[in-house]
Amino acid sequence: MIEFQNVSMEYHTGTVALKDVSFTIQNGEFVFIIGRSGAGKSTLIKLLTCEEKPTEGQVLIDDFDIARIRRSLVPYLRRNIGMVFQDFRLIETKTVYENVAFAMEIVGRSRRVIARRVPIVLSIVGLREKAKALPGELSGGEQQRVAIARAMVNNPMLILADEPTGNLDPTNSETVMALLEEINRSGTTVVICTHNRELVDQMKKRVIEIDDGYLVRDDAVGGYLRHTPCSTPDNLPPATTTGIGPEGRQP
Amino acid sequence: MIEFQNVSMEYHTGTVALKDVSFTIQNGEFVFIIGRSGAGKSTLIKLLTCEEKPTEGQVLIDDFDIARIRRSLVPYLRRNIGMVFQDFRLIETKTVYENVAFAMEIVGRSRRVIARRVPIVLSIVGLREKAKALPGELSGGEQQRVAIARAMVNNPMLILADEPTGNLDPTNSETVMALLEEINRSGTTVVICTHNRELVDQMKKRVIEIDDGYLVRDDAVGGYLRHTPCSTPDNLPPATTTGIGPEGRQP
Amino acid sequence: MKLTSVFLSLREGFRNLVRHPLVMLASISTIALMLILLGFFTVFSLNARHIMTVAGQQPPIEITMRNGVGDKELADLDRYLANDDDVLEFQRYSPQENFNQFVDNMENSELFADFPIDNIPYTYTVQLVDPSLAESFQTRVAGLAGVRKVSLELAVMSFLSDAIVWVNYATLAAFVVLGLISFFIISNMVRISVFARGEEISIMKYIGATNWYIRVPYIIEGALVGLIGAAVAWGVTMFGYDRLYSTLMAGAKPSDVLTMLPTEQLTIIILMINLVIGVGVGSLGSAASVRRHIQV
Amino acid sequence: MKLTSVFLSLREGFRNLVRHPLVMLASISTIALMLILLGFFTVFSLNARHIMTVAGQQPPIEITMRNGVGDKELADLDRYLANDDDVLEFQRYSPQENFNQFVDNMENSELFADFPIDNIPYTYTVQLVDPSLAESFQTRVAGLAGVRKVSLELAVMSFLSDAIVWVNYATLAAFVVLGLISFFIISNMVRISVFARGEEISIMKYIGATNWYIRVPYIIEGALVGLIGAAVAWGVTMFGYDRLYSTLMAGAKPSDVLTMLPTEQLTIIILMINLVIGVGVGSLGSAASVRRHIQV
Ligand SMILES: Nc1ncnc2c1ncn2[C@@H]1O[C@H](COP(=O)(O)OP(=O)(O)OP(=O)(O)O)[C@@H](O)[C@H]1O
Ligand SMILES: Nc1ncnc2c1ncn2[C@@H]1O[C@H](COP(=O)(O)OP(=O)(O)OP(=O)(O)O)[C@@H](O)[C@H]1O
Ligand SMILES: [Mg+2]
Ligand SMILES: [Mg+2]
């Protein structure tokens, strides 16, 4: 269970990226985090991976306050999280295969297990023939899919994906989303930051909207815009809205 | 005028990213290049900036074969092109302001001109308050907008934008597109690679589709899919289709 | 650390080395350079000590006979010295020889044109098998017939032992200084190369690699750089020394005091020194800078 | 290149320096270290040459008188030498003094117990204001009454001039070797730091920066590193030398042959050498590695 309790986060530059944000995500949920550019979505994710610490409030994972975690334990926290970073963060000097295998080596999997699992995961994201390529020899979308493969290879408890389809065409995006939904169905909590209106509207999942650091909406089943837009083919029922309107701001 | 004459491009890894591609873009045109991930869009852009050389065929800009350009002249070619890279390529050690100003310094603009123009451009992309931030202190979308600001600051003859809205929310995406259209209206040629179906469908511009290295479609006024999808609010007239269907492949 | 991890770290260490040939070459050649400097110094100091030890093992003991000593006493002493097991070699000098040698050493030799040769005694120079036998030899021989004095030339011996102490100090000082410089330069290099890989390292951390998991391959890499640098330096030093040896020692006899140590005798010493310093400096330099810079 | 560009390059050079403090510190301290080594060597060799020149300016000319020379001749010669402008200083030694000194130098002094002192002559040692006057002085004095021989001790003079040649060679060799090592290490450092900034450089190229536009700031940066390194090394060298000077020269008279050069006389020389080598090596090292590695 992930719990944000009145979390505020101010960068050393003085930018306050999150302001008094509170919400709870149960184990096994599938959540979209949306919001305009610079709203604070990536910051929220960084708090979950201990990349940044909240300046106020608490971030709890299974009732454990990760802001007060010992530094030497951070790696073990991260091993339980599959991360897809907005800027991919692939190791430039390792091949696609090695990048994915590396995530398994870290948690101490045997070579046999790695040799069996990595090709499967690469096939799933459609990169089996690119296994030997270096990240620099891949297209943007291909790199993104490597990052996705790496995030899911260890069957983590939690997948955090920051803009996982920003460089993918609609077909690939839908495939990736279907994949994440599949993983979610087996019990993994999935949290996705995205700007992809179509996908959010199609998936009919919980939507948390951040605007200028405030949590402005938390719909149990939501669309990209607060009131499901008329242009979407499938009309959604007006969802359980707990927040305020998309333009609204808390004081 | 940009002209691709039977261009093929094979990377040293053996990947053939473009296969016998021919098309012409007139000065002042606004063109979308679409295609699934790994189709060869970025490769096409790289040929225009001399980042890669075609293995066969010719790439002509104003009847000048840029594959045979002297290496020392490449910088001067690039100064006439405003590039938005898929991976942003901002200089990590320079602030937002300096990154944009740097593009003007290179072409020898005076400090006075730079000091006047950079803030204007940053305001246009909505980053005026972030002028002093380093790229590492920006959100993904903000970095993308810095890249866009840098590309347009010199009023180039040609703007090449690779996935310029991949990290932007719909509102920001539309703003950026409107901006590019505005620049285009003043005579600048604009070529955009994108996966953003909504934008392509809305803009009603020329669409070149690449699939697996082949040019499979070149519509004077096109949508993201060959036959305008019914889910799009504005129905487009069936455009002048010169290519083959989205799934079709030339031998 | 599990066996798999050890294996993986080793593999990573090797790979890092090959993946950044630039950094690798720079580091290896720098460490090799310092070790070559150190090597030539070591070779010099070992030879200096060798020559001094050889000289010290052969203290020129001088026996001065009484003036007007008879032929019998001389013959007896000859026999005595020839039969003494402590004596390695001896040489008798007649008064005339002594006078000639003495005059040869003078600037104004004509001053002594009419010097009365009778005033000059017979002398012997004796070399012992071991300098520690000198004092008992002195006591024994001093009592023999015709012997006026046995001088041990303690000045030379104490000069030599002083000189050995000084060479030892200088060697130590050079080792410390050059060692520190090597360490410093290598750890600077490693720091820069770690800096160059900062992104890679931070990515590993984001994925959940522990500090040791990141650190160990760098330490192995540093050790490898040191190892290769040591080997290169060893090759260069030994080759250079061998050339020098064959040039300088071409016409030397084994009995000469001023002999260089043969190349074979230095091979192992230099290799050991290089390996210990190279690998030590390489791995410790890596460890220090990875620790400090990564802030793991 | 326009003035604006020059200004921008300078600014960039400064900024690079400050932006990568790690690289900066490593490079500066390495170059400073090499320059300090070089500096101490220079100081040593300058002093060696200084001492030799001082010694060479005072060749001990020795005048040997005939045996049994009269008091008048001696008094005449005393007067002659005292009035000769070429003579800086002179000293007369009686036969007894000469004998004592001679016997003092002997190991077996008792050999000469009954040596007839009459055989030993009066001698003079003379120091000239300039060694080049020696030969004309010799001709002049050799013709005076009672003088048997004027010896110039050419051996000492030729030894000194030989030694100066050797010290010159050694200085040159050390300069070349240490210079090359510095150059090598610095260019390695620059290469690694350029490597560390490879991405930045390639981005500049993508935006349309020309080769020189990219290269010049690095060269300026290298020159700055060299400049700072040179200054640091200069400070350390001069401080160290000054301490040494005040310790060793505490009780020295200005007339001593074995004097060190005063610190002030070295300040400018060392500064110049450091600046030329530091800035040269820094900027050339940068230029070389930027050129090679960036493949601009
Ligand atoms: N490392 C940092 N240092 C200082 N400020 C930062 C840093 N990272 C982000 N910010 C600022 O914090 C705010 C929120 O950034 P964040 O990355 O969370 O946005 P986001 O919602 O992920 O945006 P996007 O959709 O563009 O990725 C922005 O104003 C950004 O400029
Ligand atoms: N530097 C490179 N070396 C080798 N192969 C490359 C390199 N860059 C791209 N490729 C390969 O060439 C093909 C086309 O790549 P390109 O980057 O042009 O795709 P793209 O259309 O831009 O895809 P995306 O939408 O994912 O960015 C891909 O299969 C890719 O793996
Ligand atoms: Mg973000
Ligand atoms: Mg691309």
One thing to verify: whether A:D212 and A:K19 come together as a salt bridge, which I'm taking to mean a side-chain N less than 4.0 angstrom from a carboxylate O. yes
Which atoms of A:E163 are under 4.5 Å from chain B, going by heavy atoms: the side chain, the backbone, both sets, or neither? side chain
What I want to check is whether the side chains of A:E10 and A:T55 have a donor and an acceptor closer together than 3.5 Å. no
Just by distance, with hydrogens left out, do A:N167 and B:Q86 show a side-chain donor and acceptor under 3.5 Å apart? yes
Check ion pair A:D169-B:R197 (N to O, under 4.0 angstrom): no
Is A:T15 in contact with chain B via its backbone, its side chain, both, or neither, using a 4.5 Å heavy-atom distance? side chain
Under a 4.5 Å cutoff for heavy-atom pairs, which residue among A:G166, A:A133, A:S37 has the most contacts with chain B? A:S37
Region of A:K130 in contact with chain B, defined by heavy-atom distances below 4.5 Å: side chain
Side chain to side chain, A:L199 and A:I192, heavy atoms closer than 4.5 Å: no
What part of B:S42 gets within 4.5 angstrom of chain A, counting heavy atoms only: side chain, backbone, both, or neither? neither
